[in-house]
2 protein chains.
Amino acid sequence: METDSSPSNSTIYDVAKLAGVSIATVSRVLNGHSHLKDSTRALVLQSVKELQFVPNNAARGLSSGSKRVIGLLFVRTQSEDFLEIVQESLLFTDSVIRGAERAASEQGYSLLLGGVESDRQAETVDRMISMCDGLVLLDRTLSDREVPVIARRVPTVLLAGNGRARSAFTVRVDNAEAMSRIAHHLVLEHARTRLAFLSGFAASPDSQARREGFVRGALECGAVVEDDPLWFSDYTSSGAVQVIERRVATGAPLPQAIACANDQAAIGAIHALKRSGLRVPRDVAVTGFDDISVARHVSPTLTTVHQPVQQLGTTAVQVLLQALQSPKRTIPLSTVLPTTLMLRQSCGCDQ
Amino acid sequence: METDSSPSNSTIYDVAKLAGVSIATVSRVLNGHSHLKDSTRALVLQSVKELQFVPNNAARGLSSGSKRVIGLLFVRTQSEDFLEIVQESLLFTDSVIRGAERAASEQGYSLLLGGVESDRQAETVDRMISMCDGLVLLDRTLSDREVPVIARRVPTVLLAGNGRARSAFTVRVDNAEAMSRIAHHLVLEHARTRLAFLSGFAASPDSQARREGFVRGALECGAVVEDDPLWFSDYTSSGAVQVIERRVATGAPLPQAIACANDQAAIGAIHALKRSGLRVPRDVAVTGFDDISVARHVSPTLTTVHQPVQQLGTTAVQVLLQALQSPKRTIPLSTVLPTTLMLRQSCGCDQ
DNA sequence: TTGTATGCGTTATCAT
DNA sequence: ATGATAACGCATACAA
C-alpha cells in the first residue's frame, strides 16, 4: 500500500537502464569494487548524478544484513524540572548524544535516538533492536536484569555503570575513584568530618559506585558518612530539595559537607539549604558530579567532577563499531575514561 | 539448552512454523488486522513471545514503503565548546532534538540524527534521505538554494527559517510580534521614547524581522528609533561592544533603551555601557532575544524573549508526520509558535 | 478466516 | 569485466 504521491526516488534499475549496464555493475560502482573498467564506472556515476539516485537503505540493509545504524537508548523523563536553570542546561544525555552522533557519522553510520519511558519500555526497545546494528545504553535506561537479555540479541555497549557487567561492553568513568578524591578533599583541605552522600536512584550503578567511593574515601581519612535511607533520592533538583527539607526538619545538626550524586541534585540541595537559612559552603559544603555548564554560573559556583561526556558517547560508539566490524577480535570488555576534579566555591575553595 | 550466542534473530517464517500458520497470518496479527480468529491470534502471539521475535524493520520498510523514521539535520560545529556562542547554539539544537524525539516516539516513529559538517554535507544529506520518510532541517543547515532541491525529494520541514520559503513546511516563532511587544513595554511601562535597535547580521532574516517589529511597535506608541548604519552589527558580544563605544564617542545623548537582536549582543552592550559609566537600566535600558541560560545570571538580569525551543522540535515533527500520513489533506505551510516576554531587571522591571 | 504468491531495492553468488 | 539471478524478511493482492 504505497501512498506514493510525492517524491518517488529512482532505483538501481533506472540507473542501470540509463547507463546501459546491469544492476550488478551499478551496485559494484556504488560499493567501490575493483575490476571495473574506468569508462563504465564513469558512465554509471554520470547516470547516478543525473537521476539524483540515492540507494534505498532499507533494501541495502535487508540484503547485506548491516543497516549502518546504531541506536542510543536513554531515559526520557516525563515531568519537567521545576528549576528552569537546570532544565535549560546542557545535560549529560545531550552531550553523549552529540559525541555518539559524531563518532557514528565518522564511520558512515547514523545514530538513532530512543527515548525510553517506563510504561512503553518494551515497545521502544524492540523498535530499536529491529532498526539498529548495535545499541548504546545509558545508565538507568534498563534494569540490570534486562541488560543481558538485550545484549544477547544485539551487540550492546553500556554507558556508565561499575564495569562489572559481563554481559556487554562497558564504557565509563571511574566514579568511585573520583568520589574518593572528593571525600579526601573535603576532609583534608576543608576539615569537614561529618559527611553525607545524597544518592541518585538506589538502583543506579553510577550512583552506587559514587556512594561507595565516597564512603571509602571518607573512612580512609577518619571521617564519617551519615547512613540513613533519607539520603536516597532520584538525581533531580526537586528530589534533593525534599531530602534537605526532611533532613533539616529532623532538628539534628546537619553534616558539614554533602556530596551529591550529580550536579542537578547539588543545585537543588544548595537551593534548599539557603532557604533554610544556612550558608554554603560556610555551614555546609556541597559538591556535585558531571560539571554541567551551569555549574560555573550558579552561586556559589559548584565544586564537582568533570566527566568527558562527549567523549563517553564517542568512545561507546567506537567500541560498538569495533565489535560490529571485527567480531572475532577481542575487545576489552570495559573502557575507563579519566575525570577531573573541578574545585570551585561550594566546597570552600576559590572564594 | 542451546544458547544462540550470535544475535541472529528469528524471522516471520520461524514464528509461522512454530504456530502452525502461514506468514501472512503472522503478519496480520503483528499489524493488528481484524478478521482473525482469537485462538489463532493468541497462538501467534505465544510463538512471537517464545522466539522473542521482532520484525526486521528494513524488510518492513522495503515492503511497505514507510520506514517509520524521520531525520533531523543540524549543523555540527567542528570545534568544541570554547566559544560561548557555540555552547549556546548547542543548547538550542539539543532542546529541539529532545522535543523532536518525543513527538516522533509518540507516533511510533524514531528520530535519526544527521550532523552536517560543511565539507561532507552532500554525503550526510544523501544518507538521511535514503533512510528517512521525512526530514526536519534546522536553520542554517542548508543554504537557501539547496532546500528546494531536498524538499522535492523528500517531505521537509524547515525549523526557524524566515517563513517565506514556499518549497517546504516551516515552523518558527514570530520574531516581529515579539519585538513589537518589547517596544510597547519599553515605551508604555518604562517611559522610554528615544530608542535604538542593535541589529544582527544585516542579511539575517531573523534580525530583519526583529528590527521591523521593534520599529513598528515603537512607532505605534509614538516613540522614535534611531536610524543610523552604526547600529548594524553581527550578533556577537564584541560586536555590540564596538557599536556602543562608537555611539558613546559621538557625544550625542544616548537612546533611553536599546533592544538587541539577541542575548549575546545585549550582554556585550550592557558591558560596554557600564564601562562608559552608564547605569543599566537606569540610564539606558537593554533587552535581548532568545533567553539563553546565562540571561538570568548576568547582572542586571536580562529582559529578553523566550522561545519554546523543545516545542519547536515537537511541532516540526508533528507537521511532518501529518504531511506524511495524509498527503492529500492541506496543511498550513507555515506554523508560528508563541514567544514569552521575560521581564527581568535590564529593562527596569523586577528590581 | 486463512493461505499462496509476488514485489519491494539492494547485495552477492554464480556464470560468462 | 560484466550479466543473470537468487536471496534478504516482510506486507499484501488475490485465492480459497
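Predicted model, so just to flag it, every value in this text is computed and none were measured. Chain identifiers are assigned alphabetically (A, B, ...) following the order of the sequence lines, protein sequences preceding nucleic acid strands; residue numbering begins at 1 within each chain.
Within 4.0 Å of A:Val21, counting heavy atoms only, lie sugar-phosphate atoms of the nucleic acid but no base atom.
Listed pair A:Ser22 / D:dG3 meets the phosphate criterion, a side-chain N or O lying under 4.0 Å from OP1 or OP2. The shortest distance between the side-chain N/O atoms of B:Ser27 and the OP1/OP2 oxygens of D:dT12 is not below 4.0 Å. Using a 4.0 Å cut-off, some side-chain N or O of A:Thr40 falls inside it from OP1 or OP2 of D:dT2. Taking side-chain N and O atoms only, B:Asn31 has a distance below 4.0 Å to OP1 or OP2 of D:dA11. Using a 4.0 Å cut-off, no side-chain N or O of A:Ser63 falls inside it from OP1 or OP2 of C:dG9. Here B:Arg60 reaches the OP1 or OP2 of D:dA11: one of its side-chain N or O atoms lies under 4.0 Å away.
For the atom pair CD1 of A:Ile23 and CG of A:Asp14, the computed distance is 11.5 Å after rounding to the nearest 0.5 Å.
Distance, B:Arg28 CZ to C:dA5 P: 14 Å, rounded to whole Å. When rounded to the nearest whole Å, the span between OH of A:Tyr13 and C1' of C:dG9 equals 7 Å. We find that CG of B:Asn56 is positioned 16 Å from P of C:dG9, with the value rounded to whole Å.
Salt bridge annotation for B:Asp126-B:Arg120: absent, with no cationic side-chain nitrogen under 4.0 angstrom from a carboxylate oxygen. Between A:Asp206 and A:Arg172, no side-chain nitrogen of the basic residue sits less than 4.0 Å from a carboxylate oxygen of the acidic one, so the salt-bridge criterion is not met.
For A:Ala24, the side-chain atoms get nearest to D:dA4 when compared with the rest of D:dA4, C:dT2, C:dT11. Nearest to the side chain of B:Ile23, among D:dG9, C:dT10, D:dA11, sits D:dA11.
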